[in-house]
Structure formats: C-alpha cells, structure tokens
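Working notes, beginning with the structure itself.
Counting from 1, the numbers follow the sequence of the chain as shown. Both counts, for ligands and for their atoms, begin at 1 and track the order of listing.
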Amino acid sequence: MPELSIPIIDFSGFYSEDPVLKQKVVDQVRESCLYNGFFQITGHSIPLDKQKKVMNCAKKFFDLSLEEKQQVSKDNNTWNRGYEMLRSQMLEEGTQPELKEGFYIGEDIDKSHPYFVNKKLNSGPNQWPEALGDDLEGFKDGTMGYYRAALKLASDLMRVLALSLDLEETYFSEYMTGAVSTMRLLHYPSQPKDADEKLSRGIGAHTDFGGITMLMQDTVDGLQVWDQKSSTWIDVAPTEGALVINLGNLMSRWTNEKYKSNVHRVINKSGKERYSIPIFVSGQPDYMIDCIPTCKKADEQAKFEPATVEQIVSAAYAESYGRAQLYKQLAAKKLAENQVAQQPSPVAVA
Ligand SMILES: O=C(O)CCC(=O)C(=O)O
Ligand SMILES: [Fe+2]
C-alpha cells in the first residue's frame with residue numbers, strides 16, 4: 001500500500017486569473033474535506049518572513065522562566081488569553097495530562113468593545129509578557145502581524161470552501177465578519193523515548209471545535225492525523241512555508257457531516273523541542289449555524305438543531321477542560337487515599 005500523506009495544495013491558483021487553476025484548488029480542497037478534512041497549502045498569501053518572525057517570538061516566550069510566564073497566566077482572565085502551563089489539558093480519555101505549554105493571543109479587544117461588555121466568546125484584551133523587556137515590542141509586532149495576515153488568508157480559504165460546496169463565493173462573509181479567532185503558540189518538550197506511548201501525549205487525540213484551524217509547524221514532526229480507511233496514523237510532514245489546514249466540528253456540523261472534522265494528535269519523540277502555532281477560527285459569535293442548503297437533499301432532515309457559534313464552541317470548551325479538572329481531582333483523591341492507607345492503623349490500647 002502506498003504511504004498515506006496529507007495532500008499539499010498550491011493555493012496560488014486561487015489568486016490566479018486563470019479559471020482552470022482556480023477551479024483546481026477548489027476541487028482539491030473539496031476532495032480533502034470529503035476525505036478527512038486535512039490538507040496543507042503552499043503558495044498562500046502569508047510571507048515566509050512573517051512566519052519565521054512569529055516562530056521566533058514563540059521560542060523567545062517559552063525560554064522565559066516559569067515564574068515569568070506565570071505572570072501572564074491564562075488563569076488571570078476568563079477570555080482565553082495568556083500562558084497555559086504544561087499538563088493543563090487532557091483531550092484524550094485514558095491518557096495523562098498533556099506535555100505541552102501554550103500562550104494564547106487573539107484580537108486585542110478593549111474593555112469598552114461590545115464583545116467584551118457583552119462577555120462574548122473569548123473576547124478581551126491580550127496579556128503581554130512584560131518579562132520580555134526590550135523584546136516586547138518585537139513580540140507584539142511579530143505575533144499580531146502574523147495573526148492579521150493569517151485571518152486574511154482564512155477569509156480566502158472560506159471563499160474556496162464556499163465554492164467547493166457549490167455556494168456563492170461570498171457565502172461565509174457574514175460568518176467571518178467580526179469572527180472570533182484564537183492563536184496559540186505551542187511548545188512540546190521532547191518526551192523521553194521510552195515514554196509509554198499509550199499514556200503520554202503532546203496533545204491527545206481530538207478534533208478541533210471551531211470552523212477551520214490553520215497550523216504552522218516548525219521543522220520537528222509529531223503531528224499525526226487518523227486515517228479511518230486504513231486505521232493508521234498519517235504523519236504530517238513539516239514543509240517549509242506550508243500551513244496545515246483542517247476543519248473543526250462546527251464546520252462538520254454546518255455541512256451535515258458531509259465535510260470531516262478529523263481526529264489528530266501530537267506525540268513528540270523526536271528528541272527535539274517542537275513548536276507549532278495553530279489559529280482556530282470560531283466565527284462571529286452570534287452567527288446561527290444551520291445546515292448549509294447544498295449539504296442535504298430537499299426532503300432530508302438536518303442532523304443538528306440550529307445553534308449559534310458561541311453556543312457550539314463554548315460547550316466544547318467546557319467539556320474538554322472539565323475532563324482535565326476531573327482527572328486532577330481524581331488523582332488528588334487517589335493520592336490522599338494512599339496517604340491515609342500508609343498511615344499506621346490505630347492500635348487498640350487495652
Ligand atoms: O501542534 C500541533 O501540531 C497540533 C495542535 C493541535 O492539534 C491543536 O492545538 O488543536
Ligand atoms: Fe487540534
């Protein structure tokens with residue numbers, strides 16, 4: 001059997017004047033979305049130097065001491081901005097909390113903005129790591145410069161998705177106007193080679209929650225995508241300049257599961273530090289997600305009730321963080337029980 005891989009699509013065709021080249025991109029994207037919802041793109045609109053800059057920002061940030069990183073802890077706010085320590089999340093049941101640390105950035109939403117006032121999904125000011133000192137301005141430029149460029153590309157990707165579903169190219173424009181998107185810088189320390197593969201994860205097997213995810217990998221591999229047909233994991237080879245694009249659960253729900261939101265995970269056994277930068281595009285929080293008309297027959301029932309972006313994505317967050325909390329509580333309870341068991345039992349004194 002030929003080795004399975006995630007297709008690399010030359011996105012430049014979308015920007016070309018030649019309708020044949022544009023259609024080719026649309027067709028390749030459709031095929032990937034129907035198969036497992038994962039593809040890589042090259043020839044896109046984000047310059048390589050912007051990509052390199054943001055990757056350097058990530059490395060600089062994670063090189064800070066734990067104490068410095070904790071000054072901008074994600075626990076300081078409720079809108080998903082800041083530092084998340086190693087072992088904070090656990091996406092795959094039956095495994096251990098994950099060997100990754102992260103830093104969350106999004107649109108810098110000021111406290112007078114209606115999204116903040118109305119407590120919309122993941123909306124508020126960023127936290128900036130003052131501990132970077134003279135490097136802080138470069139960090140803000142590098143991260144936000146990449147974020148903005150990536151969101152522009154996200155809108156282009158949504159245009160291609162619309163065409164791939166036989167919709168008007170602008171079908172997703174309203175969903176993308178005022179869209180909430182979160183970028184996370186990720187660092188996966190190398191796992192010991194003899195770590196139990198059944199238990200240790202950089203990130204456990206999961207599907208993403210939102211519309212689309214755009215991921216930039218550094219040079220170290222570790223990302224794997226589940227291939228249902230062959231029941232194997234496909235390694236996603238890091239490719240300079242390329243972005244890995246995948247669909248999240250919201251997009252799968254919206255298309256009546258015609259398009260796939262597929263399971264993926266990271267195990268970093270490379271012996272090297274791994275860095276990656278996903279951006280999760282959730283969408284405009286109040287936008288109503290209801291089955292796309294071209295994704296079901298006229299007499300067919302939609303599989304899901306209509307719901308807003310905010311309802312769908314918040315429910316998914318609550319579930320995943322709840323699982324890590326539950327694991328920690330159970331582990332703490334077990335530890336406490338063991339300590340009690342190890343104490344000498346009281347002896348009856350006559
Ligand atoms: O780091 C990676 O390559 C994957 C990250 C990922 O799947 C996620 O953050 O949801
Ligand atoms: Fe993911």
Legend entry - Atoms in ligand 1 with a heavy atom of Y188 nearer than 4.0 Å: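 Going through ligand 1 atom by atom, the ones under 4.0 Å from Y188 are 1 (O), 2 (C), 4 (C), 5 (C).
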Inset, instruction - Could you tell me which non-hydrogen atom of P306 sits nearest to which non-hydrogen atom of R253, and how far apart they are? - result: C-NH2, 4.4 Å
Legend entry - Sub-4.0 Å heavy-atom approach of H206 to ligand 1: yes
Legend entry - Which residue and heavy atom of the protein sit nearest atom 3 (O) of ligand 1, plus the separation: R274 NH2, 2.9 Å
Inset, instruction - Starting from atom 9 (O) of ligand 1, locate the nearest protein heavy atom and write down its residue, its atom name and how far away it is, to 0.1 Å. - result: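 Of the protein heavy atoms, R184 NH2, 3.0 Å lies nearest.
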Inset, instruction - Would you check the N or O atoms of D208, main chain and side chain alike, for any that come under 3.5 Å of an N or O of ligand 1? - result: yes
Inset, instruction - Answer yes or no: is there an ion pair linking K140 with D108, defined by an N-O contact shorter than 4.0 Å? - result: no
Legend entry - Residue portion contacting ligand 1 (non-hydrogen atoms closer than 4.0 Å) for L215: side chain
Legend entry - Which segment of T213 sits under 4.0 Å of ligand 1 when only heavy atoms are counted: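 Near ligand 1, T213 shows nothing, with every heavy atom at 4.0 Å or more.
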Inset, instruction - Return the orientation label for the H187 and Y275 ring planes: parallel under 30°, perpendicular over 60°, tilted otherwise. - result: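 If you compare the ring of H187 with that of Y275, the planes turn out parallel.
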Inset, instruction - Would you please classify the geometry between the F14 ring and the F11 ring as parallel, tilted or perpendicular, with 30° and 60° separating the classes? - result: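 It falls in the tilted class, 30° to 60°.
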Inset, instruction - Check whether NZ of the Lys or CZ of the Arg K60 lies under 6.0 Å from the centre of the six-membered ring of F139 and within 45 degrees of that ring's axis. - result: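 The answer is no, since K60 fails at least one limit relative to F139.
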Inset, instruction - Would you give the angle at the Fe ion (ligand 2) between D208 atom OD1 and H206 atom NE2, to the nearest 10°? - result: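 The two atoms subtend 90° at the Fe ion (ligand 2).
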